[in-house]
Amino acid sequence: MVEQPEDAVEVRPPESVAVGRVAVRLSLKRAIAEMGVGRGARVLTSLNQVGGFDCPSCAWPDPQAGHRSHAEFCENGAKAASWEATRDRVDRGFFATYSVEELRAQSDHELEAHGRLTEPMYLARGATHYAPISWDDAFALCASRLTAMPSANRAAFYTSGRASNEAAFLFQLLARRLGTNNLPDCSNMCHESSGAALMETIGVGKGTVNLDDITDHADLIVIVGQNPGTNHPRMLSALEAAKRRGARIVSANPLPEAGLVRFKNPQRARGLIGRGTALTDRFLSVRVNGDLAMFAGVNKVLCEREDRAPGTVVDRDFIDTYCDGFDEAREGWRALQWSAIETASGLSREQIEAFADDVVAAKSVIVCWAMGITQHRNAVATIREIVNFLLLRGNIGRPGAGPSPIRGHSNVQGDRTMGIWEKMPDWFLDRLGDEFGFEPPREHGYDTVDTIRAMRDGRIDVFVALGGNFVAATPDTAVTEAAMTKCRLSVHVATKLNRSHLVHGEEALILPCLGRTERDHQASGEQFVTVEDSMSMVHQSRGRLTPGSPNLRSEVSIVAGLGEALFGEDLGWRAMADDYRVIRRHIEHVVPGFEDFEERVATPGGFVLPRGPHDSRTFHTATGKARFTRNALDAIEVPEGHLILQTVRSHDQFNTTVYGLDDRYRGIEGGRRVVFVNEADLAEQGLRDADLVDLVSVYADGERRAACFRAVAYPTPRGCAAAYFPEANVLVPLDSTALTSNTPTSKSIIIRLERASGPDA
Ligand SMILES: Nc1nc2c(c(=O)[nH]1)N[C@H]1C(S)=C(S)[C@@H](COP(=O)(O)OP(=O)(O)OC[C@H]3O[C@@H](n4cnc5c(=O)[nH]c(N)nc54)[C@H](O)[C@@H]3O)O[C@H]1N2
Ligand SMILES: Nc1nc2c(c(=O)[nH]1)N[C@H]1C(S)=C(S)[C@@H](COP(=O)(O)OP(=O)(O)OC[C@H]3O[C@@H](n4cnc5c(=O)[nH]c(N)nc54)[C@H](O)[C@@H]3O)O[C@H]1N2
Ligand code: SF4
Ligand SMILES: [Mo]
């Protein structure tokens, strides 16, 4: 990881209001700088519009067709589209000029800022520079390395969540046709914990809430472990709509995030000038990893109040009809000690009782969450406890109620629906095999962490990535980078140059693809692709710009090209690439809920996928009921003098894509190597704001160090700290993962601060 100068950082007090005039000005400025006026206008006017392209940034849903404004995007959506549609190019001259080693010395921001990739590039064994290669030669080379493997399980096929449904469906088909379920994806690091907990307790691995449940129906919206002002900015408009009809919002977060506090809607004139809407009614400054204790505490209170006044607090009819496990779970809450709850959550009993008051006053409750919940050792237990919380009052399967994990990448949920998962169930594999006439492998494959372990141990020959930035996004950077270099061949389908192209296997290929903003022309004419948002709406996305280079191919055509090079015409690869309707017909036959896919996705705004708990209170769990669970508190033990570090996104990045070095809402300017710490914790260690410190993580297998961060005194609970992803990934031990989901614990890393020994220590 390349270091940026931390002494250039400027720090102001954090802001309490999100969006408004500054955001509008910044998005226009950025669009014009990257794309020019005409191109910029074309991009922004088709962003999230019916007939236009789906925002490539986050997975927040669009309002229904007919209810969209002319500017149906946020500052960060505009940034993502501008970043992709830039006029800058990385061509063969660029690769001839810079060696891989020279490029490795550049920061993540610099690498992507060079512009769009333009043609396939090949790095031969021992070569210092990437050189051009034809598409046919690239496919042939990749196919020959794959067929040379003694077993298909020596390949891994990684997917990042921007891939369309069509590309993802083909990609999993390719892996399974080859004979492996090694399909790690970014979701393994993201909402895997949500999927695991929800599948077990309610029988679907995704949320059950629609957008209008938030805007029109919920009485209480609980937002935990999520920073919507930065990561799902248009969610603030939905929350504002909810507030205006009288809904309450409770937020729990160790950081007082600007977007959670107040919001100025840039799409309404009043929002540009006024003080904005106060969003959160009750802010709970929960300790990092304290949410399980917090929800268990509320659930305990609800049961106690029910005991005092039977029939008034919990929904006994719902529980008796639809659930099991209630008595056992209630025993667990009865046995809980308040001292344990208070210590683990960092909240007082009074605060938790007051939260419970909000809950009993609300007829319908939604809980939204994201990475602040999923990336902990006990993440799955925490989400099971959130489900308990909802089940207690029948808050599922009726308007304005339910669990709502807010997904990250724009199509990460759709990719899973399409079969991008190392553990797809047998029914899916049966249907896939029947549709295409082959026997898919049944043995579960590697997820992201297991892929890294396999690489490290010399068990992966070929690594193929459909998007993403594997070595930068994954934990334990030093270990992962070393692991990647043990592969024979690494292949990246990408729009922009990134670190994963520079930390490579013995040989490497970069295969440049079209982005969301660009026209996709194939043999049968212009194509669109489809995506699924966080609320299970499936809709079209159609790019409008001329492709960044005539030598780009669509993701679909790249995967199909590789399929053809490997297997000839056996499954109709060419026909699928020529006309995406052919792929959609296969999807219709394999994936439930896609009946009449082509017709239904033609309706403006698309269609919603069935979800049993939402539609009919049907729960396809092991017992056919929604399941209460009993979850032990198991709070993290933090040794004396140590802190729990969480890693967050700044307002100026999309995951490993670093647009700029500012984090406006948190008051940071010009640098990313900062660590946010409670002032009293700094003082206790003889440190002060602006001191330079090393972050040292401690784990059973030893210590890891990230050198030279500027300490920022910040209002976060005692014992907690925060730094940016991906700079802090070097501190996350590979083996430190969530129980059941195996998600890296990027939000709970035990560290200590040491006065910096010098730059690049
Ligand atoms: N602009 C932009 N948009 C994005 C992304 C991006 O990088 N940039 N990334 C996309 C992706 S892939 C994803 S997954 C989402 C991520 O969306 P978020 O989950 O909002 O992203 P993070 O920055 O990881 O923020 C985690 C939040 O949880 C809080 N938190 C940390 N630990 C805890 C805890 O123990 N308890 C509680 N209650 N809160 C905690 C943090 O303070 C922070 O507010 O955003 C998506 N959208
Ligand atoms: N410490 C820490 N680590 C984390 C997290 C954290 O909160 N803390 N969050 C985790 C989460 S939630 C996630 S989702 C992962 C993200 O992990 P990834 O999905 O692997 O990473 P991204 O940074 O989103 O990928 C960016 C790259 O995608 C490529 N790209 C962009 N658009 C396209 C496209 O349209 N097609 C193709 N083929 N390529 C494209 C570009 O080359 C760009 O460099 O990181 C995880 N890592
Ligand atoms: S909220 Fe997300 S999907 Fe919507 S415009 Fe903003 S970044 Fe794009
Ligand atoms: Mo994510």
Side-chain angles (χ1 to χ4, degrees), residues 47-48 54-62 72-81 83-84 108 111-112 117 158-164 167 185-187 189-191 224-228 230-235 251-255 257 260 284 286-291 294 369-376 382 406-410 412 465-470 472-475 492-501 511 513-516 533 555 558 644 646-657 659 716 720 722 724-726 728-729 731-732 743-744 746-749:
L47 180 43
N48 285 334
D54 181 60
C55 175
S57 198
C58 81
W60 185 253
D62 302 314
E72 202 51 73
F73 57 85
C74 69
E75 175 191 356
N76 282 341
K79 265 185 214 169
W83 194 247
E84 176 180 300
D108 295 311
L111 289 176
E112 287 207 26
L117 297 158
Y158 175 73
T159 310
S160 171
R162 197 168 279 181
S164 65
D185 68 350
C186 67
S187 202
M189 300 178 271
C190 188
H191 268 294
V224 288
Q226 193 204 346
N227 179 21
T230 285
N231 297 313
H232 308 89
R234 281 190 314 149
M235 180 173 170
S251 310
N253 200 307
L255 301 177
E257 308 284 27
L260 291 173
L284 299 164
V286 68
R287 198 166 162 256
V288 170
N289 194 41
D291 305 83
M294 177 181 79
W369 71 89
M371 297 305 101
I373 296 296
T374 63
Q375 299 175 333
H376 294 287
T382 304
I406 306 294
R407 306 299 300 246
H409 265 292
S410 56
V412 62
L466 185 61
N469 187 355
F470 191 83
T474 50
H492 285 91
V493 179
T495 49
K496 286 196 161 186
L497 184 64
N498 68 40
R499 187 148 314 277
S500 299
H501 311 151
L511 306 178
C513 65
L514 295 174
R516 283 270 175 89
D533 66 31
E555 291 183 339
I558 294 170
I644 313 185
Q646 56 141 325
T647 54
V648 286
R649 293 153 171 81
S650 80
H651 194 63
D652 222 3
Q653 71 182 92
F654 186 87
N655 299 339
T656 67
T657 294
Y659 304 122
T716 188
C720 302
Y724 295 125
F725 146 56
N729 286 36
L731 298 171
V732 187
T743 294
S746 308
K747 295 288 189 281
S748 40
I749 312 159

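Counting convention: from 1, in listed order, for ligands and their atoms alike.
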Are any of the N/O atoms in [X] less than 3.5 Å from those in ligand 1?
X	answer
Met371	yes
Ser650	no
Gln375	no
His409	no

Can you pull out the closest protein heavy atom to [atom]? Residue, atom name and distance to 0.1 Å, please.
atom	answer
atom 39 (N) of ligand 2	Gly467 CA, 3.4 Å
atom 20 (O) of ligand 1	Asn227 N, 2.8 Å
atom 38 (N) of ligand 1	Asp291 OD2, 2.7 Å
atom 8 (N) of ligand 2	Thr647 OG1, 2.9 Å
atom 36 (N) of ligand 2	Glu555 OE2, 2.6 Å
atom 41 (C) of ligand 2	Thr495 OG1, 3.6 Å
atom 21 (O) of ligand 2	Asn469 N, 3.6 Å
atom 13 (C) of ligand 2	Arg649 NH2, 4.1 Å
atom 17 (O) of ligand 2	Ala473 CB, 3.2 Å
atom 28 (O) of ligand 2	Gly468 N, 3.2 Å

Just to be sure I understand the site: which N, O or S atoms from the protein are less than 2.8 Å away from atom 2 (Fe) of ligand 3?
Cys58 SG
Of His409, Lys79, Arg649, which is the lone residue that meets side-chain contact (heavy atoms from CB on, under 4.5 Å) with Phe654?
His409
Any heavy atom of [X] sitting closer than 4.0 Å to ligand 2?
X	value
Cys513	yes
Arg516	no
His191	no
Lys747	yes

Considering all heavy atoms of both residues, which atom of Pro56 and which atom of Arg162 are nearest to each other, and what is their separation?
O-NE, 2.9 Å
Compare every heavy atom of His492 with every heavy atom of Ala465, then report the nearest pair and how far apart it is.
CB-CD2, 3.4 Å
Given that the side chain starts at C-beta and the backbone is N, CA, C, O, which of these parts of Asn76 lies under 4.0 Å from ligand 1, counting heavy atoms, or is it both or neither?
side chain
Note: Val648, heavy atoms under 4.0 Å from ligand 1, region reported as both
Salt-bridged, Asp533 to Arg407, with N to O below 4.0 Å?
no
Go through Arg499 and Thr656 one step at a time and tell me if the side-chain contact (heavy atoms from CB on, under 4.5 Å) criterion holds.
CA-CA 9 Å; Arg499 187 148 314 277; Thr656 67; over 6 Å; no
Ligand 2 versus [X], non-hydrogen atoms closer than 4.0 Å: side chain, backbone, both, neither?
X	result
His492	neither
Arg162	side chain
Asn498	side chain

Considering only heavy atoms, which of [options] lies nearest to [atom]?
atom	options	result
atom 7 (O) of ligand 1	Asn655, Asp652, Val286, Leu284	Asn655
atom 14 (S) of ligand 1	Ala252, Gly290, Cys190	Cys190
atom 31 (C) of ligand 1	Arg407, Glu257, Lys79, Gln646	Gln646

Can a side-chain donor-acceptor contact be found between Thr374 and His191 if the only test is distance below 3.5 angstrom?
no
Looking only at side-chain N and O atoms, does Ser410 offer a donor or acceptor that is under 3.5 Å from a partner on Arg516?
yes
Let me confirm one number: the CG-CG distance from Leu255 to Asn227, rounded to the nearest 0.5 Å.
8.0 Å
To the nearest 0.5 angstrom, please state how far the CD atom of Glu75 sits from the NE2 atom of His651.
3.5 Å
If the cut-off is 4.0 Å to any non-hydrogen atom of Asn48, which atoms of ligand 3 fall inside it?
4 (Fe), 5 (S)
